[in-house]
Protein chains: 2
Amino acid sequence: MRILVVEDEHKIANSIKKGLEQESYAVDIAYDGVQGFDLASTEDYDIVILDLLLPGMDGLAVCKRLRDENIHTPILMLTAKGELHDKVEGFSGGADDYLVKPFAFEELIARVRALTRRPRNRLNSVLSYGDLSVNTLTFEVKRGKTLCRLSKKEFSLLEYLLRHPDIVLSKEQIIAHVWDYDADILPNTVEVYIGYLRNKIDKPFPKKPRLIRTRRGFGYQIGRER
Amino acid sequence: MRILVVEDEHKIANSIKKGLEQESYAVDIAYDGVQGFDLASTEDYDIVILDLLLPGMDGLAVCKRLRDENIHTPILMLTAKGELHDKVEGFSGGADDYLVKPFAFEELIARVRALTRRPRNRLNSVLSYGDLSVNTLTFEVKRGKTLCRLSKKEFSLLEYLLRHPDIVLSKEQIIAHVWDYDADILPNTVEVYIGYLRNKIDKPFPKKPRLIRTRRGFGYQIGRER
DNA sequence: CAAGAATCTGAGAAAAAGCTGAGAAAGGAT
DNA sequence: ATCCTTTCTCAGCTTTTTCTCAGATTCTTG
């Protein structure tokens with residue numbers, strides 16, 4: 001799966017690239033509209049992620065020109081917060097989906113998945129580990145048969161951990177995926193949220209193994225204690 | 001179920017595709033009449049959704065030529081608002097149904113369903129959950145034996161929720177399905193309508209379980225409280 | 001065991017999400 | 001034309017969530 005990211009802010013472009021590569025996509029970057037158009041029209045990408053405001057040729061123009069050239073690669077448009085009006089324009093320009101900045105990385109991944117793979121179905125919508133299960137359609141979290149009520153952030157954090165079972169995720173990785181790229185989140189916030197999760201899915205079940213493990217110095221991990 | 005959408009406005013084409021895929025149809029898009037005709041005549045679709053005004057060959061011509069070639073795939077014609085007169089022509093050209101733009105997404109779904117499950121029968125026209133039942137032929141809504149009078153929008157909102165029982169639907173999803181694709185609806189409007197529905201199907205029955213649940217941060221859901 | 005670093009946690013301020021009454025605007029029916 | 005219904009927005013209010021801070025605790029290492 002190849003993805004082209006057209007984004008002039010290097011910081012954002014690189015963090016998107018890094019994140020997508022971690023999900024094993026092959027990512028190219030173009031830092032302006034003209035270069036973006038050239039790459040998108042000559043190379044064969046599965047998705048183009050296109051910022052609306054670009055030097056040279058703006059995202060909308062790139063989008064329109066690509067469609068005019070009969071290139072129908074799915075386009076995910078990124079629009080800054082104020083420009084709500086541009087949503088409509090973005091779509092009419094031929095984009096397939098849009099995402100309002102700033103976004104949490106997991107949201108981007110979700111959109112990209114939606115554009116590449118099938119629509120979300122009932123079959124692969126449940127993540128589980130041991131007797132913990134997380135349903136991404138009903139947003140239900142269960143430990144055994146007991147329902148746990150999680151807030152949105154708690155849910156995304158748990159979902160992120162659960163999509164990488166047994167792997168140690170650093171606080172930095174967690175922040176990059178679960179929070180906005182430009183939210184300035186302290187590592188301590190992750191600790192706090194891990195605490196909230198433990199209160200809800202580990203502490204109430206003292207006889208069951210703890211699933212959220214601290215790997216001091218490295219990060220956190222979903223996994224059985226040994 | 002495979003559907004071909006022939007529509008030159010990318011915005012509309014994409015939003016139709018997205019919505020139909022969420023209903024687990026497989027969707028192809030053609031952006032002009034010629035390409036549309038080629039695909040419809042060589043591939044095997046269950047339905048063709050065909051815009052009337054198209055570059056190249058217009059919808060009517062595509063429709064006629066397909067029928068001439070003895071291809072009887074059901075055709076759903078899309079016509080813009082002013083062109084009421086064309087309705088008749090559309091039908092005489094061999095279309096099976098038509099829909100006036102702009103339409104709410106649920107309307108399209110309904111037509112598509114009607115065309116795929118051949119004669120719409122009385123059997124699958126009633127949606128229900130617990131003691132709530134919604135008849136999509138008579139537009140009657142009942143809680144137990146009590147009739148509830150709903151307005152059109154209230155009805156489509158309830159119908160949309162009820163077609164996805166237990167699944168959490170975000171305000172964005174609800175807006176995309178229940179309102180026109182070009183309506184600019186605030187999330188708060190959904191909150192207001194949810195309120196109206198509750199006043200009619202939950203509040204008057206204080207002894208029965210509430211069916212419309214708020215999942216703060218996620219969306220709304222038809223489901224029993226637990 | 002002591003010191004430093006990493007992590008945990010209770011408290012609380014700030015922000016976001018959701019609910020609701022009121023009312024403007026548009027459409028239909030009589 | 002008038003009245004009623006429906007659609008939709010707005011502003012004020014309540015509830016919940018998010019995030020930071022500061023002090024406590026735990027772990028590691030010499």
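So that the names make sense, note that chain A is the first sequence line, chain B the second, and so on, each numbered from 1. Predicted model only: the values in this text are computed from it and were never measured.
- Here the closest non-hydrogen pair linking A:Leu169 and A:Ile174 is O-CD1, 3.8 Å.
- Among the nucleotides D:dC8, C:dT9, D:dT18, the one closest to the side chain of A:Tyr193 is D:dT18.
- Distance from the side chain of B:Lys153 is smallest for D:dT7 among the nucleotides D:dT18, D:dT16, D:dT7.
- The phosphate of C:dT7 has OP1 or OP2 within less than 4.0 Å of a side-chain N or O from A:Lys171.
- If you check distances only, the side chain of A:Tyr196 never reaches the base of C:dC8 with a donor-acceptor pair under 3.5 Å.
- If you check distances only, the side chain of B:Asn188 does reach the base of C:dT20 with a donor-acceptor pair under 3.5 Å.
- A:Arg216 contributes no side-chain N or O that forms a donor-acceptor pair with the base of D:dT28 under 3.5 Å.
- In terms of phosphate contacts, B:Ser151 brings no side-chain nitrogen or oxygen within less than 4.0 Å of OP1 or OP2 of D:dT5.
- Taking atom CG on B:Asn199 and atom P on D:dT6, their separation rounds to 14 Å, with Å as the unit.
- The minimum heavy-atom distance between B:Leu211 and B:Asp202, with the atom names listed, is N-OD1, 3.0 Å.
- Side-chain N/O atoms of B:Trp179 include none lying less than 4.0 angstrom from OP1 or OP2 on D:dT7.
- Within the 4.0 angstrom heavy-atom criterion, only backbone atoms of the sugar-phosphate kind lie near A:Lys203; the bases stay farther away.
- Between A:Arg215 and D:dC27, a side-chain N or O to OP1/OP2 separation shorter than 4.0 Å is absent.
- A straight line from CG of A:Leu197 to C1' of C:dT7 spans 16 Å, rounded to a whole angstrom.
- Nearer the 5' end of DNA chain D, as judged by each residue's closest nucleotide, is the contact made by B:Val192, out of A:Ile185 and B:Val192.
- OP1 or OP2 of C:dG18 has not a single side-chain nitrogen or oxygen of B:Thr214 nearer than 4.0 Å.
- Summarising the geometry, the separation between CD1 on A:Ile212 and P on C:dT9 is reported as 11 Å, rounded to the nearest angstrom.
- Considering only side-chain atoms of B:Glu191, the nucleotide from C:dT20, D:dT9, D:dC19 that sits closest is C:dT20.
- Proximity of A:Tyr220 to A:Glu191: side-chain heavy atoms (C-beta onward) are separated by under 4.5 Å at one or more points.
- Between the P atom of D:dT6 and the CG atom of B:Leu150 lies a distance of 10 Å, rounded to the nearest Å.
- Contact annotation: B:Tyr220 side-chain N/O to C:dC19 OP1/OP2 distance is under 4.0 Å.
- For the pair A:Ile194 CD1 and C:dA6 P, the interatomic distance rounds to 17 Å; values are reported in whole Å.
- Distances from the side chain of B:Leu186 to the nucleotides D:dT18, D:dT5, D:dT9 place D:dT9 closest.
- C:dG18 atom C1' lies 16 Å from atom CD of B:Gln221, rounded to whole Å.
- Of all non-hydrogen atoms in A:Val126 and A:Ser133, the two that sit nearest each other are CG1-CB, 4.2 Å.
- Of the candidate nucleotides D:dC10, D:dT20, D:dT16, D:dT16 has the atom nearest to the side chain of A:Arg149.
- Distance CZ (B:Arg198) to P (C:dG18): 11 Å, rounded to an integer number of Å.
- Among the atoms of the strands shown, only primed sugar atoms or phosphate atoms (P, OP1, OP2) are found under 4.0 Å from some heavy atom of B:Gly217.
- Using a 30° and 60° split on the angle between ring planes, A:Tyr193 and A:Trp179 fall in the perpendicular class, above 60°.
- Heavy atoms only, all atoms of each residue included: B:Ala13 and B:Val5 are closest at CA-CG1, 4.5 Å.
- As rounded to whole Å, 14 Å separates atom P of D:dC8 from atom CD1 of B:Ile174.
- Residue contacts for A:Asp184: at a heavy-atom cut-off of 4.0 Å it reaches the sugar-phosphate backbone alone, with no base atom in range.
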